[in-house]
Amino acid sequence: IALPKPGDWRQLCIQVARLHARPLDMTRPLWEAYIIEGLDNIPSLPKGSFAVYTKMHHSLVDGAGSQSFMAALHDLQPVPEETPLPDTQEALLVDRDPSSLELLTRAAMNKARGSVELATGTASVVKGLADMGLGIMRDELPKPDVQAPKTRFNEPVSKHRVFEGVEFDLDDLKEIKDAARVKLNDVALNIVAGAMRKYLLEQEELPEASLAVSIPLNMRTRRDETEDNNQVGSVFCDLHTDVADPIDRLGLIHETTQGAKVMGEVSPMTDTLKLAGVFSPWLAKGAARFYSKNELSRRMPLNISSVVTNVAGPSFDLYCAGARMVRYYGLGVLTPGCGLFHTVFSSNGVLTISVLADRDQMPDPGFYRECIEASFAELQRAVRGEPKPAKKPRTSARAPEKATAKRATGATKGAPKKAAASATAASAKAASATAASTKAASAKAAPAKPTPAKAAPAKKQAPAAAKS
């Protein structure tokens, strides 16, 4: 497909958001891939660049597992060596329709296997929850915060999406990490915290208490390695958005994430998610519809304002059809009661922060991108000891955008108004069909002489660029 004129960054974001909002066709394989052309008016991208947008159902893959799909699309060289065919080829097995007896036999065996897995899995989860509760009572494990305030992002999600992305020089974030003696993930979380604080302040909706986010954990490095592409746990973390100073907030986030990681390593939530696959699809689908239709997310005690996932990519060049990938942005999946998703991806000297949000809850994604950039600049100046710049007067262009945001969400000081139930039902269908998606943009480049494609952190970029 091709972008409409003028083919700039905004058009690319709109196109990606529309593709991501479409439910997957459940009668076909649960993935889609699009080649997007017409990116010539995006700054810092060479002529002839193209983007690759892929979408996969979350039942197939999680954020870290999606790298296997990414590896299948890319090569390590612009022109990879051809693999010679073997001299002798194995005989092809001709597929045939199974008989009714075979289908009944397989169904009975699968049912028996599922019953055993359900029994053993339930026992394991119960034991894990008991051990975790006992550890919390003995103060051996940190107590999770279940009293985080609600924001506009805790409303039921609609069927429409918005997308934005920001890129930074990875060395700049490592400079902050080393100076503050924290982790790179802490720096990224602090940038997100500052952005959410600035955005909600502008809407006059910032709660006095700290916001909380959910952080997916890659359980492959914490448990036995398996071939399962879905091995993800989750922990809750305070962002300390009630702290204005970026340095103080960074220190508090570091302390919070250290405790959250301890909780995540002993949490049985990974096994709990797998139990859903044992039940009948009819039963699981009905439960999901009931949860969405009755807006039960409003009654959940855990008020998660966003999901922030951090995936480390390769530190070397990748090529697709001879074109070098220079940017990679990731999209997640919105769930009822959480209409904001951040994906942090670092690859080959560049760190990108992708934003996926519900359009009703964030009608001005361009302004939120400015909040992310301002949050990073504020943190960098504080670490370097540079003075704060003079406050710029508010331009007249921002006032209508702010007014539009309040009209679209019905937001006043406090919690936004209740969204329509029909939007919730539609969003649930979209959420169940969408997947942890990725985009990579590439441009045909001469393999002999690749030119590094690197843009200033403040400039907008195409979701994945490769240079020819």
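At a threshold of 4.5 Å between non-hydrogen side-chain atoms, the residues Gln203 and Asp364 count as touching. You'll find the side chain of Val192 stays beyond 4.5 Å of the side chain of Ile372, heavy atoms only. Between Phe163 and Ser354, some side-chain heavy-atom pair lies under the 4.5 Å cut-off.
Distance check, rounded to the nearest 0.5 Å: CG of Leu19 to CD1 of Ile36 gives 5.5 Å. Atom CG of Leu173 is separated from atom CD1 of Ile191 by 4.5 Å, given to the nearest 0.5 angstrom. Rounded to the nearest 0.5 Å, atoms OG1 (Thr309) and CG (Leu331) are 12.0 Å apart. Atoms CG and OG, on Asp360 and Ser158 in that order, are 4.0 Å from each other to the nearest 0.5 Å.
Look at Arg384 and Glu175 and you find a salt bridge, because one of the NZ, NE, NH1 or NH2 atoms lies within 4.0 Å of a carboxylate O, short of that distance. Using a cut-off of 4.0 Å between Lys/Arg side-chain N and Asp/Glu carboxylate O, Arg22 and Glu32 are scored as not salt-bridged. Electrostatic pairing of Glu373 and Arg369 counts as a salt bridge here, judged by a charged N lying under 4.0 Å from a carboxylate O.
The aromatic rings of Tyr368 and His342 lie tilted to each other, with the angle between the two planes from 30° to 60°. Between Tyr199 and Phe367, the ring planes are tilted. Angles from 30° to 60° get that label.
Within the 3.5 Å criterion, the main-chain N or O of Gly7 finds no donor-acceptor partner in the side chain of Arg10.
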Considering only distance and modelled atom types, tabulate donor-acceptor pairs under 3.5 Å from the side chains of residues 343-350, sequence neighbours left out.
| residue | atom | partner | partner atom | Å |
| --- | --- | --- | --- | --- |
| Thr343 | OG1 | Gly330 | O | 3.2 |
| Ser347 | OG | Pro314 | O | 3.1 |
| Asn348 | ND2 | Asp317 | OD1 | 2.4 |

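No side-chain donor from either of Thr256 and Asp238 sits under 3.5 Å from a side-chain acceptor of the other.
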